[in-house]
There are 2 protein chains.
Amino acid sequence: METLPRETIVDVLEGRLREEILAGRHAAGSYLPPERELADGYGVTRTTLKHAFGRLVQAGLLETRHGVGTRVRDFARLGGADLLPMLVRHSPDWLGEIFEVRRSVGALIAERAAMRATAGQRAELRTLLDAVREADSADAVQLADVEVHRALARATGNRVYALLTNTLFNAYLPVRKQLAGPFQDAEAAHARLEPVVDAVEVGDAPAARSAADAYLSATEEIMLDGLRTAGDAK
Amino acid sequence: METLPRETIVDVLEGRLREEILAGRHAAGSYLPPERELADGYGVTRTTLKHAFGRLVQAGLLETRHGVGTRVRDFARLGGADLLPMLVRHSPDWLGEIFEVRRSVGALIAERAAMRATAGQRAELRTLLDAVREADSADAVQLADVEVHRALARATGNRVYALLTNTLFNAYLPVRKQLAGPFQDAEAAHARLEPVVDAVEVGDAPAARSAADAYLSATEEIMLDGLRTAGDAK
DNA sequence: AGTGGATCAGTGGATGAGCCACTCAACCAG
DNA sequence: CTGGTTGAGTGGCTCATCCACTGATCCACT
């Protein structure tokens, strides 16, 4: 059982402020109203508002200067990939672009993994792939699937690829979770993924690259289809 | 003149906590002491501590559960690329891995840009490249150089590449700033960068890819050399 | 005029006491 | 053995208050 975090006031306030910023209600570079005034407007204490501000500062959306004020950062130009999850929530048209990057980077990772994976890492990949087939629920399939990709990233020997994989996961996994249907078939998932693991296992870099590209294209297609039908139904 | 932000108590506290966590002084998944106790230990108010906690939660290093406690997240496994800046500060051996990814992704971006840049974007690239040559200080060279790469990322037509570029910049630019020496030659920087812009301008994707790879390899070499000599001098 | 220091209103930063809400385990009644 | 109750310990939130910084203004002195 997954423990779902309860929604605190700071959470809500943060989300609301973030939404307003992402929606462009406060121009980039412009100053927000003073904390005292803003806190009053939202009906919260200044302390609570400051907690929310702190998070948004950390996220790179705001910039506070003691004695001057709090200003909206130009995140569109200066922001990092960690903004993706909130950007997707705000406007789903990011997904197409995320998928393209995921595909290119995923192919890169598979290629590197085929070139450099250790024997132990190849064995681990095989084990995880088997776990995908054995999975007994949609959640389990997803979990195993994700773990295979994490293992692939680790197998490159470059930890940055692992972090990058997580960043992209954080961006599109929440969406994928809503499309449980097309992903609950363990056998199909296993079949899609197997060529990648095979190629990495024998160290065939070009094959790994194209297999990963094919896998990611297929997955992407399924997700976009799922979103389209979900949109139609609504 | 760059306005340097003053170091607040929360900043210091956050840095200290972060350092302890990155150093592994608190095992991943283990619980921190209670807020009241911890605040007392650091000689700050619980409110102040909570501000620091808030940032670390946002950064993905901590996880708080109401009524239970605050626990250290397994950032090594689950963290995103936004952790890179702090990871580099903590142990510079990340740089080699970051550069490799930067090189692969940079080549990818140049390739895509060559395939899809609009006429306006090609013209903008040329303008920015000229700005590199005209730059009159080391800072100006760096700034212009960075802007060229941002423009390349934009020219892919995929905003995620732009965010990714920023993420990688955030990771290694602070280091590069410390090596002002090897980068202050505007003419040399222009010469290194020109082949990339040329290839993108005529839409030659393979050439853009290899030119970007060559440029990034050269830059990388210079930075690693600079770090080595800086290390030796010390 | 021009310069330089003092002042002051407005801003964010930090405090500490206090209360609320949640979780978990231990306990107890049935 | 089951199921509800209780209480200690935890983080969430508020309030009132003070501190520290910034920038514009003013004014005395040159």
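Computed from heavy atoms alone, side chains included, the values below leave out hydrogens, waters and symmetry copies. Numbers restart at 1 for each chain; the letters A, B, ... are given by sequence-line order, proteins then strands.
- The shortest side-chain heavy-atom distance between B:Leu129 and B:Leu125 does not fall under the 4.5 Å cut-off.
- Atom P of nucleotide D:dG11 and atom CG of B:Leu49 are separated by 9 Å, given to the nearest angstrom.
- A donor-acceptor contact under 3.5 Å is not formed by the side chain of B:Arg65 with the base of D:dG11.
- If you measure from atom CD of A:Glu14 to atom P of D:dG12, you get 13 Å, rounded to the nearest angstrom.
- Looking at heavy atoms from C-beta onward, B:Leu61 lies in side-chain contact with B:Leu83 at the 4.5 angstrom threshold.
- Scanning for side chain to side chain donor-acceptor pair (under 3.5 Å) contacts around A:His26 gives A:Glu20, with sequence neighbours left out.
- Along DNA chain D, the nucleotide nearest A:Gly67 and the nucleotide nearest A:Gly43 are compared for position; the residue whose nucleotide lies closer to the 5' end is A:Gly43.
- B:Lys50 has no side-chain polar atom (N or O) that falls below the 4.0 Å cut-off from OP1 or OP2 of D:dG11.
- Residue pairs meeting the ring-ring contact (aromatic ring centres under 6.0 Å, His included) criterion with at least one member in residues 129-160 of chain B, sequence neighbours excluded, are B:His149-B:Tyr215.
- One atom, CD1 of B:Ile9, and another, C1' of C:dG12, lie 13 Å apart when rounded to the nearest Å.
- Distances shorter than 4.0 Å separate some side-chain N or O of B:Thr64 from OP1 or OP2 on D:dG12.
- Partners of A:Pro33 by side chain to side chain contact (heavy atoms under 4.5 Å, CB included), not counting sequence neighbours, listed by chain and number: A:Glu37, A:Leu38.
- Note: OH (B:Tyr31) to C1' (C:dT23) measures 10 Å, nearest angstrom.
- Listed by first then second residue, pairs satisfying salt bridge (charged side-chain N to carboxylate O under 4.0 Å, His left out) with a partner in residues 48-58 of chain A read A:Asp11-A:Arg55, A:Glu14-A:Arg55, A:Glu35-A:Lys50, not counting sequence neighbours.
- Distance B:Leu32 CG to D:dG11 P: 9 Å, rounded to the nearest Å.
- Phosphate proximity of C:dG16 to B:Thr47: absent, as no side-chain N or O sits under 4.0 Å from OP1 or OP2.
- Residue B:Arg36 contributes atom CZ, which lies 12 Å from atom C1' of D:dA8 at whole-angstrom precision.
- Here B:Thr8 reaches the OP1 or OP2 of C:dA14: one of its side-chain N or O atoms lies under 4.0 Å away.
- Residues B:Leu108 and A:Val101 fail the side-chain proximity criterion, which asks for heavy atoms closer than 4.5 Å.
- For DNA chain D, no neighbouring residue in residues 52-63 of chain A is found when judged by any heavy atom under 4.0 Å.
- Put simply, CG on B:Asp40 is 13 Å from P on D:dT10, counting in whole angstrom units.
- Within the shown strands, C:dA1 is the pairing partner of D:dT30 under the Watson-Crick or G-U definition, both distances less than 3.5 Å.
- Closest approach to the A:Val10 side chain among D:dC13, D:dG11, C:dG12 is made by D:dC13 (side chain taken as heavy atoms from C-beta onward).
- The distance between atom NE2 of B:His51 and atom C1' of C:dG12, rounded to the nearest whole Å, is 11 Å.
- Contact annotation for B:Thr45: base contact, defined as any heavy-atom pair under 4.0 Å involving a base atom.
- The side-chain ring of B:His66 is stacked on the base of C:dA21, judged by centre separation under 5.5 angstrom and plane angle under 30 degrees.
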Side-chain donor/acceptor pairs under 3.5 Å, residues 158-172 of chain B, sequence neighbours excluded:
residue	atom	partner	partner atom	Å
B:Asn158	OD1	B:Val160	N	2.8
B:Asn158	ND2	A:Glu97	O	3.0
B:Asn158	ND2	A:Glu100	OE1	2.8
B:Arg159	NE	A:Glu97	OE1	3.1
B:Arg159	NE	A:Glu97	OE2	3.3
B:Arg159	NH2	A:Glu97	OE2	2.9
B:Tyr161	OH	A:Ser104	OG	3.4
B:Thr165	OG1	B:Tyr161	O	2.7
B:Asn166	OD1	B:Arg150	NH1	2.3
B:Asn166	ND2	A:Arg77	O	2.9
B:Asn166	ND2	A:Gly79	O	2.8
B:Thr167	OG1	A:Ala81	N	2.7
B:Thr167	OG1	B:Leu163	O	3.1
B:Asn170	ND2	B:Asn166	O	3.3
B:Tyr172	OH	B:Arg102	NE	3.0

